[in-house]
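Heads up, the thing below is written out as structure tokens.
Atoms considered below: every heavy atom in the structure, side chains included; atoms not considered: hydrogens, waters and symmetry mates. Per chain, numbering begins at 1; letters A, B, ... match sequence-line order.
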There are 2 protein chains.
Amino acid sequence: MSIHSLPIVSTARPPVPVMPSFVGDGFNRVRLVSLSTALPLAERDTLEPLSRRVSLDQKETLFSQDEPACSVFIVTSGALRLYRILPDGRRQVTGFAFPGDFLGLSMLDRFAVSADALGPVTACRFERLAFRNLVFGQPGLMMHLHEITGQELSRAKDMMMLLGRRTADERIASFLTGLQDRYVRIGRSSVTLELPMGRLDIADHLGLTIETVSRTLSRLDRDGCILIVPGGVRLIDQARLDRMSAH
Amino acid sequence: MSIHSLPIVSTARPPVPVMPSFVGDGFNRVRLVSLSTALPLAERDTLEPLSRRVSLDQKETLFSQDEPACSVFIVTSGALRLYRILPDGRRQVTGFAFPGDFLGLSMLDRFAVSADALGPVTACRFERLAFRNLVFGQPGLMMHLHEITGQELSRAKDMMMLLGRRTADERIASFLTGLQDRYVRIGRSSVTLELPMGRLDIADHLGLTIETVSRTLSRLDRDGCILIVPGGVRLIDQARLDRMSAH
DNA sequence: CGGGTGTTTGAAAGACGTCAACCAGAGTGG
DNA sequence: CCACTCTGGTTGACGTCTTTCAAACACCCG
């Protein structure tokens, strides 16, 4: 379900349209990439010719943990969950990927996580070796990609703090405001957040159970902090959410 | 301190065992570098004048979170704790740094964590800008540093799994075996582990309280799994610890 | 309308946290 | 040489937040 079809749409400012139909449209695809990762023009022009389009349906897997990493990806539409699983089935969702996000950028021999589609997904695929060779000749680009990895590392440390030291309420609030920030960065509505992932995904991301996630969201709704809508949530009391996220 | 002392361990794949005592031993340290991704002599000579030795006493701070990151460091002796704190004082120790570890390698504008010494520490310090400029001209070196950051990211995801989905017992066991692995890699005893950090540091690293850490260690001791000795622990039942760590 | 999947809600249980006391070793100083 | 204090670690009793178990609910789709 798209955000535009949500019953409640009357946001203060009209949400930036998310280019509804860029699939198969090379120009828009490139624009999307540049918008989200702030890749300089020269750099995206270098990368573009190497890319090949990939499409996934819901629940299809883009790659699996520990499988030889022979590709690097950039998400162009849709969303994916990134996760690891323990032998006994316990799962940790390390993050979610949205348009503009790189996958496999650290270019280790094997993927560090598994990735599968939360809904229809399109992505650009680069041959790892070709990508590597290209990047080798572009110190500026390589440094930029290194910076992106550094930011991911910083966010990973945020997650450690969240998982190690925050309460359920704080985790949920932090998750919502964090998602809001990411949506703003890729030009989506910042008031009504689409939640392409299920409650179980959120739970496995925040180190909680599905019941605790559901209960906490319900309570935030009752308290007038958020409004649960089909397919997402609407952030009502921004100030209180920010206070709870307490960075 | 010369570049020849850079303990760049080839981390691309199977951990290369590193000589037992390289601290203060110039010759062995040179060998260490030679084991890494062929750093041409010219490059080392270029990098050498950039490094300056730093010494810290126990509890002194090397750098603080959010302060402008104008340096990159390599630990040469001792150990540090890396952490973030919330406004209300809750702390998350994101990791510990040992000889050979880089600090500030992601080269963002500001440090992502604070770092202070668990005991006497020495490190090599590089001016961030000079380091950056040098690395710019050495794609192989830059790629290698990127790889190291990628591995740190992968370990961060291990931590997420640990913090989000594992029990106290598993966290402690995983911490001990993980430390063991790191010690092996830098050529230290792999049976009796020195614990340069206090119980509180361990607790804040594993998302537990000091009491839970103490209790869990005591129980593992009673069960004959480990032996608590002054300043560290001795791993007795390796098999059981590995099973508990359950990767 | 019925079945399947995903979400919500309630009651009970448990793992870990909190509070508080005690203990041990290392300095320190009389 | 032995109190004395300080810091860090251990242990116990109790409390609570989150989980677990269970059931109901809602929505989608054939």
Do any side-chain atoms of residues 214-232 of chain B form donor-acceptor pairs under 3.5 angstrom with protein atoms, and if so which ones, sequence neighbours left out?
{"from": "B:Thr216", "atom 1": "OG1", "to": "B:Thr212", "atom 2": "O", "distance (Å)": "2.7"}
{"from": "B:Ser218", "atom 1": "OG", "to": "B:Ser214", "atom 2": "O", "distance (Å)": "2.9"}
{"from": "B:Arg219", "atom 1": "NH1", "to": "B:Asp169", "atom 2": "OD1", "distance (Å)": "3.4"}
{"from": "B:Arg219", "atom 1": "NH1", "to": "B:Asp169", "atom 2": "OD2", "distance (Å)": "3.2"}
{"from": "B:Arg219", "atom 1": "NH2", "to": "B:Asp169", "atom 2": "OD1", "distance (Å)": "3.3"}
{"from": "B:Asp221", "atom 1": "OD2", "to": "B:Ile228", "atom 2": "N", "distance (Å)": "3.0"}

Under 3.5 Å, side-chain donor or acceptor atoms of residues 112-119 of chain A against the rest of the protein: list the pairs with distances, not counting sequence neighbours.
{"from": "A:Ser114", "atom 1": "OG", "to": "A:Gln65", "atom 2": "N", "distance (Å)": "2.8"}
{"from": "A:Asp116", "atom 1": "OD1", "to": "A:Arg81", "atom 2": "NE", "distance (Å)": "2.7"}
{"from": "A:Asp116", "atom 1": "OD1", "to": "A:Arg81", "atom 2": "NH2", "distance (Å)": "3.4"}
{"from": "A:Asp116", "atom 1": "OD2", "to": "A:Tyr83", "atom 2": "OH", "distance (Å)": "2.7"}

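B:Arg199 has its CZ atom 19 Å from the P atom of D:dT7, to the nearest Å. Nucleotide D:dT18 holds its P atom 19 Å from the CZ atom of A:Arg90, rounded to whole Å. Between B:Leu220 atom CG and D:dG9 atom P there is a gap of 17 Å when expressed in whole angstrom units. At whole-Å resolution of the value, CD1 in A:Ile228 and P in D:dC25 are 18 Å apart. If you measure from atom CD1 of A:Ile202 to atom C1' of D:dT18, you get 17 Å, rounded to the nearest angstrom. Taking atom CG of B:Leu217 as the reference point, atom C1' of D:dT11 lies 14 Å away to the nearest angstrom. Taking atom CZ on A:Arg219 and atom P on D:dC17, their separation rounds to 10 Å, with Å as the unit. Going from atom CZ of B:Arg215 over to atom P of D:dT10 covers 11 Å, rounded to whole Å.
We find that A:Arg188 and A:Glu194 are joined by a salt bridge, their nearest charged nitrogen and carboxylate oxygen being less than 4.0 Å apart. Electrostatic pairing of B:Asp66 and B:Arg110 does not count as a salt bridge here, judged by no charged N lying under 4.0 Å from a carboxylate O. Remark: A:Arg91 engages A:Asp201 in a salt bridge, criterion side-chain N to carboxylate O under 4.0 Å.
In terms of the salt bridge (charged side-chain N to carboxylate O under 4.0 Å, His left out) criterion, B:Asp181 has no residue partners (sequence neighbours excluded). Residues meeting the side chain to side chain donor-acceptor pair (under 3.5 Å) test with A:Ser71, sequence neighbours left out: A:Arg125.
Residues of residues 203-214 of chain B having a heavy atom closer than 4.0 Å to DNA chain C, listed by number: B:Gly207, B:Leu208, B:Thr209, B:Glu211, B:Thr212.
Annotation: the span from A:Asp101 atom CG to A:Glu152 atom CD amounts to 8.5 Å, rounded to 0.5 Å.
Read 5' to 3', the first and last nucleotides of DNA chain C with an atom closer than 4.0 Å to a heavy atom of chain A are C:dG6 to C:dA11.
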Intermediate values then yes/no, side-chain hydrogen bond (donor to acceptor under 3.5 Å, both in side chains), B:Ser55 and B:Thr122: CA-CA 4 Å; B:Ser55 290; B:Thr122 57; 5.9 Å; no

